[in-house]
Amino acid sequence: MVCGGGLAGFSAAVAAARHGAKVCLVQDRPVFGGNSSSEIRVPPQGAASFHAYARETGIISELLIEERARNHENPTWDNGYINSVWDMVMYDMAMHTPNLTFRLNSTVTDVRMRDERSVEAVIARVSHAETELTLYADTFVDCTGDGIVAALAGCEWRLGTESRDEFGEPHAPEQASDAVMGNSIHFKAKDVGYPVPFTAPDWAVRYDNPDFFYKQGRWPSDVRSGFWWIELSVPWHTIYDNETLRHELTRHVLGVWDWIKNRDPRLKEEARTYALDWIGQVPGKRESRRIVGEYLMTEHDPLQKTVFPDEVAYGGWFIDLHEPGGLLAPFSEHSAIEGNSGTSYMSKSYVGPYGIPLRILIANKMNNVMMAGRNVSVTHAALGTVRVMGTTAVMGQAAGTAAALAIRAGIPVRDVPERAIGDVQQALLRDGCFLPNVVNEDERDLARRAEVRASSEAVLAGALPPPDGEDRPAAQPLTHRRGQWICVGADRVEVLTVCLANGSGAAQTVEARLYAAEHIWDYRVEPGEPLAAATLTVPPGEEQWVEWPVGIDVSQLRGSYIRLDLLANPLVGWHAAAAIQPGHVSAYEIGNGLMRRFGSGTTMSFRISPSQACYGADNIRSGVTRPYRSTNLWRSDPSESDAPWLELTWAEPVEIGRIELTFPCQLLRDYRNYPGLYRDPECPKDVAAEAFVDGSWTGIGAIADNYQRMRSIVPERPVRTERLRITVRSTNGDPSAGIYEVRCYPTS
């Protein structure tokens, strides 16, 4: 029984059902999606909002890729633009998931206990149907956000802020309180092409002071939709006063729109032809009850990237703590006013990606109660990073998977971290999830013991800036240190060349450093002693290729990353590359000894000699399905004219009943960066599988018109062979074929 149909609950229900459990999903609204639904319209965000190649995968990835392929609407940088296509994508998945039934418009009102540690059933009332349901289950996953099931069952819970003394958390206040982050409603405006007047009703809040917006962290960034800072909590209670908050938020939305339309000196002309198209009337919540679990995660865990033996999910949003009171507070949040306050909040709250343990999803001392979403077992400070929907979705998938495997094993869910965590972790990886500290070790996966070769393999020679033209962006000045990750695929690096701009009229110098990096999210400004260092001289000019004869042995680093850093000189700019080189990202220094992703995922312009063989066929057996400690990607030579292929060979014949493929697809950036009706060009579109049987290649299955990240080929009957070939007949636009992982299993 999963209670709550937001992204956490939906992912939990689908995951459990796919693993064979009989699942009922209870949702108190007419649509799935919670805060992301068309009723509230918050775009799902997570680790990829701050870290390149960190987007959450698994069920949430399937949904978002499908939504982009189907939906004409372009997301924006703020809230309000999600439409009913998203609702229907989720509804469609629910309808096509065997073992899953659901009850919409059904609100949990009570629980029935089997004993003091076990829930027997939940009681739900169906809106407008005069119907009460009593729903029995073996395991209950509370994804209600408010933790209503766990609270009614007598579980321990927390609400408000812990004091700094309790856990020593740097972002905790000196004194504990009941204050929480607030609820929000959003709006959408439409450009109708002609002037549209707006007169606010007399009961709307009136705003007259520009400082309220521009100096207190409430910047009206886009007149089309928004805004996250339209938020209220104290003095009201985010659970019991939710209806009052809805009304108060409506008053403020109308007042904010009145300010934009009629008084804002910056926006009133831009908004002249815009009309209000939609105002939400279901408040989206950030915080209420947090159920105490088998482990209480504090802010120290994401800051220190604690490695948990029961890791089942990951996060990467910063420690984002909105000021209690929202619109009634002196400012919205510390990071939003950083430019005016002179603080360094962001550099001290930038975290991830970090692992999340299963124990925070299991209610303390309960036999059959779990939770996922914003009601998990974390402190207020830690909630600042785990509460976003991308993170809650992968926690939900972990909870559903663990619950189903516990039922299959005949053990209580609270015993899974000790008795079955390896099975849960391997199941999550096979289902497309990513875990920072776990790799594929599935003994049934036949591909792990195959030899792999390919028709061709791309090499890394560098990345070039856009050609000259009116739309070519200027090189961004090196106001801070900037680093470019490069995957090593040769024994030496002889020469590195960077494309720089110097408009000062005189020669400039830039300090260069080369480091070994643990992975693409190794943001330490000084990750160790430099492998090499130099002072580069940059002559005047807008495009200067500056050569650094490095001449070092990197044979011990093959298959891992080095990072090329250029230190600050604001008179010099480094050109960004015209396109992202897969697996090669950049970052800049933000203070506190840390760096942060540059842009929304950018490759800087550089050349490297010799070229690096970092896209080899054997990468498909690395056990990791995204760039991380290496590229982990087979990528064909783009100059190859014939359909590129991968071939797996075994020393002895094996029986193949199922082939599982993981492709490049919408990993680099967060959901909002991909336009409507989008299909990732890197994603293979048409793929065929052949087995070498009786001396010739025989087709055993194919995939057509694909745009999803994970697809399977299931032969009509298992095939016994020593050789398997996967051919990418076409992509969705990229000249290279790419595959992260191939798995093979004896049966489907």
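What you see is a predicted model, and the numbers here were worked out from it, not measured in a lab. When reading the values below, keep in mind they use all heavy atoms of this one structure, side chains included, and skip hydrogens, waters and symmetry mates.
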I'd like to know whether NZ of Lys305 has more than 12 heavy-atom contacts from other residues, nucleotides or ligands below 6.0 angstrom. yes

Would you please classify the geometry between the Tyr628 ring and the Phe434 ring as parallel, tilted or perpendicular, with 30° and 60° separating the classes? perpendicular

Residue pair Pro664 / Leu633, side-chain heavy-atom distance below 4.5 Å: yes

Output, in order, the C-alpha distance, side-chain angles, deciding distance and verdict of salt bridge (Lys or Arg N to Asp or Glu O under 4.0 Å) for Arg408 and Asp423. CA-CA 11 Å; Arg408 186 188 305 170; Asp423 293 339; over 6 Å; no

Centroid-centroid under 6.0 Å between Trp634 and Tyr740 rings: no

For the pair Thr727 (side chain) and Arg729 (backbone), establish whether a donor and an acceptor sit closer than 3.5 Å, ignoring hydrogens and angles. no

Testing the 3.5 Å rule here: is there a donor-acceptor pair between the side chains of Asn83 and Asn71? yes

In plain terms, say whether Arg359 and Asp310 are close enough for a salt bridge, that is, a side-chain N and a carboxylate O under 4.0 Å apart. yes

Is there a side-chain contact between Arg29 and Glu39, using heavy atoms and a 4.5 Å cut-off? yes

Salt-bridged, Glu66 to Arg68, with N to O below 4.0 Å? no

So, are Arg70 and Asp92 salt-bridged, with charged N and O less than 4.0 Å apart? yes

If you apply the rule side-chain contact (heavy atoms from CB on, under 4.5 Å), what do you find for Val26 with Val2, and how did you get there? CA-CA 6 Å; Val26 180; Val2 179; over 6 Å; no

Is any side-chain heavy atom of Ser712 closer than 4.5 Å to a side-chain heavy atom of Arg658? yes

Using a strict 4.0 Å threshold on nitrogen-to-oxygen distance, state whether Arg709 and Glu660 make a salt bridge. no

Regarding Arg743 and Tyr745, is there a side-chain donor-to-acceptor distance under 3.5 Å anywhere? yes

Could you walk me through whether Val376 and Val386 satisfy the side-chain contact (heavy atoms from CB on, under 4.5 Å) test, starting with their C-alpha distance in whole Å, then the side-chain angles of each, then the deciding distance to 0.1 Å, before giving a yes or no? CA-CA 9 Å; Val376 297; Val386 304; 4.3 Å; yes

If you count every heavy atom of other residues, nucleotides or ligands that lies below 6.0 Å from Glu451 atom CD, does the total exceed 12? no

Regarding Asp142 and Thr144, is there a side-chain donor-to-acceptor distance under 3.5 Å anywhere? yes

Given side chains that start at C-beta, do those of Ile291 and Glu156 come closer than 4.5 Å, heavy atoms only? no

Could you go through Val141 and Cys3, starting from their C-alpha distance and side-chain angles, then the distance that decides it, and tell me whether this counts as side-chain contact (heavy atoms from CB on, under 4.5 Å)? CA-CA 6 Å; Val141 187; Cys3 300; over 6 Å; no

side-chain hydrogen bond (donor to acceptor under 3.5 Å, both in side chains) with Arg387: of Asn35, Asn375, Asp320, Thr392, only one passes, and it is Asp320

Could you label the plane-to-plane angle of the Tyr671 and Trp86 rings as parallel, tilted or perpendicular, counting under 30° as parallel and over 60° as perpendicular? tilted

Show, in sequence, the C-alpha distance, side-chain angles and deciding distance for Asp705 and Arg679, and conclude whether the salt bridge (Lys or Arg N to Asp or Glu O under 4.0 Å) test is met. CA-CA 10 Å; Asp705 197 28; Arg679 297 185 176 200; 2.7 Å; yes

Per side chain to side chain contact (heavy atoms under 4.5 Å, CB included), Leu383 is matched among Met297, Glu287, Arg158 by Glu287

Indicate yes or no for a side-chain donor-acceptor contact from Arg669 to the backbone of Gly601 under 3.5 Å, with no hydrogens or angles considered. yes

Give the intermediate values and the outcome of salt bridge (Lys or Arg N to Asp or Glu O under 4.0 Å) for residues Glu132 and Arg125. CA-CA 5 Å; Glu132 186 176 88; Arg125 184 168 182 82; 5.2 Å; no

Assess the pair Phe102 and Tyr91: is the distance between their ring centroids shorter than 6.0 Å? yes

Evaluate side-chain contact (heavy atoms from CB on, under 4.5 Å) for Ile360 paired with Met395, printing each intermediate quantity in order. CA-CA 10 Å; Ile360 74 166; Met395 288 193 293; 4.2 Å; yes

State, with a plain yes or no, whether a side-chain heavy atom of Asn437 is found less than 4.5 Å away from one of Phe308. no

Whether Arg448 and Asp445 form a salt bridge (side-chain N of Lys/Arg under 4.0 Å from carboxylate O of Asp/Glu) is what I want to check. no

Sub-4.5 Å side-chain heavy-atom contact between Leu428 and Asp431: no

So, taking the atom named CD in Glu294 and the one named CE in Met370, what distance separates them when rounded to the nearest 0.5 Å? 10.5 Å

Considering only NZ, NE, NH1 and NH2 on the basic side and carboxylate oxygens on the acidic side, decide whether Asp442 and Arg444 come within less than 4.0 Å. no

Going by atom types alone, do Asp301 and Tyr295 pair a side-chain donor with an acceptor below 3.5 Å? yes

Would you please indicate if the ring centroids of Tyr314 and Tyr354 are separated by under 6.0 Å? no

Tell me, do Val351 and Glu299 make a side-chain contact under 4.5 Å, heavy atoms counted? no

Looking only at atom types and distance, does a side-chain atom of Asn632 sit under 3.5 Å from a main-chain N or O of Arg626, one as donor and one as acceptor? yes

Nearest-0.5 Å distance, CZ of residue Arg18 to CG of residue Leu100: 10.0 Å

